[in-house]
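Worksheet for the structure shown next.
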Amino acid sequence: MKIKKLDGMIERSKIKKLKLKEKERKERARRLIQKGVFLEKYFAIYHLDVENTEELLKIFSEYVKQKTPEKFKEQRQ
């Protein structure tokens, strides 16, 4: 009887973990889409394909990293 109860608890735990992973995946996808929209909007790069967009970003990457204000930098604990 206890084994069945434990098996049920394990199964529910697995399902909960899968749902959480799915939620996190969807949130990440949404965030990436939103950032892509801003990238196209503010850099006016609607006409560029993915490879050319990456090439353009590489050009400005170091500059942006160096000039990013502290409030926008990742806060590591």
Side-chain angles (χ1 to χ4, degrees):
M1 195 66 158
K2 287 186 179 186
I3 294 175
K4 282 186 177 183
K5 189 174 181 179
L6 287 175
D7 284 344
M9 289 173 66
I10 291 170
E11 191 62 32
R12 284 189 296 278
S13 176
K14 286 179 182 179
I15 291 169
K16 198 177 214 180
K17 186 177 178 180
L18 287 173
K19 286 182 180 181
L20 181 61
K21 271 184 135 177
E22 177 73 10
K23 182 181 177 194
E24 289 171 350
R25 186 188 63 76
K26 285 182 179 184
E27 287 172 354
R28 180 176 184 270
R30 186 176 194 289
R31 185 179 70 248
L32 292 173
I33 291 167
Q34 289 173 324
K35 287 182 178 186
V37 168
F38 289 134
L39 176 68
E40 284 188 347
K41 177 181 176 182
Y42 290 107
F43 283 83
I45 57 169
Y46 303 98
H47 61 288
L48 296 181
D49 62 15
V50 174
E51 290 80 17
N52 287 326
T53 300
E54 182 178 18
E55 193 174 324
L56 178 70
L57 291 174
K58 283 179 182 178
I59 293 169
F60 293 105
S61 175
E62 284 305 313
Y63 176 81
V64 170
K65 287 177 190 175
Q66 291 174 4
K67 300 294 181 177
T68 299
E70 285 298 317
K71 74 177 191 174
F72 297 117
K73 291 185 179 178
E74 182 179 10
Q75 304 298 318
R76 297 194 182 219
Q77 317 279 312

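Residue numbers count from 1 along this sequence. All values derive from a computational prediction rather than experimental measurement. What you see below is based on every heavy atom in this structure, not just the backbone, and it leaves out hydrogens, waters and symmetry mates.
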Could you tabulate the donor-acceptor pairs under 3.5 Å formed by side-chain atoms of residues 57-69, not counting sequence neighbours?
residue	atom	partner	partner atom	Å
T68	OG1	V64	O	2.4

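Within 6.0 Å of atom CD1 in I3, 12 or fewer heavy atoms from other residues, nucleotides or ligands are found, so the atom counts as exposed in its surroundings.
Contact check for L39 versus K35: no side-chain heavy atoms found under the 4.5 Å cut-off.
Here CG of N52 is found 8.0 Å from NE2 of H47. Values are rounded to the nearest 0.5 Å. Note that NZ of K4 and CG of L6 are 13.0 Å apart. Values are rounded to the nearest 0.5 Å. Note that CG of L18 and CZ of R25 are 12.0 Å apart. Values are rounded to the nearest 0.5 Å. In this structure, CG on D49 lies 9.5 Å from CD on E55, to the nearest 0.5 angstrom. Separation of atoms NZ (K16) and NZ (K19) is listed at 10.0 Å; rounding is to 0.5 Å. The line from CZ of R31 to NZ of K26 is 15.5 Å long, rounded to the nearest 0.5 Å.
A search for salt bridge (Lys or Arg N to Asp or Glu O under 4.0 Å) contacts involving K73 returns E70, not counting sequence neighbours.
The two residues K41 and Y46 have their closest heavy-atom pair at CA-OH, 3.3 Å.
Salt-bridge annotation for R30 and E27: absent, with no side-chain N of the basic residue lying under 4.0 Å from a carboxylate O of the acidic one.
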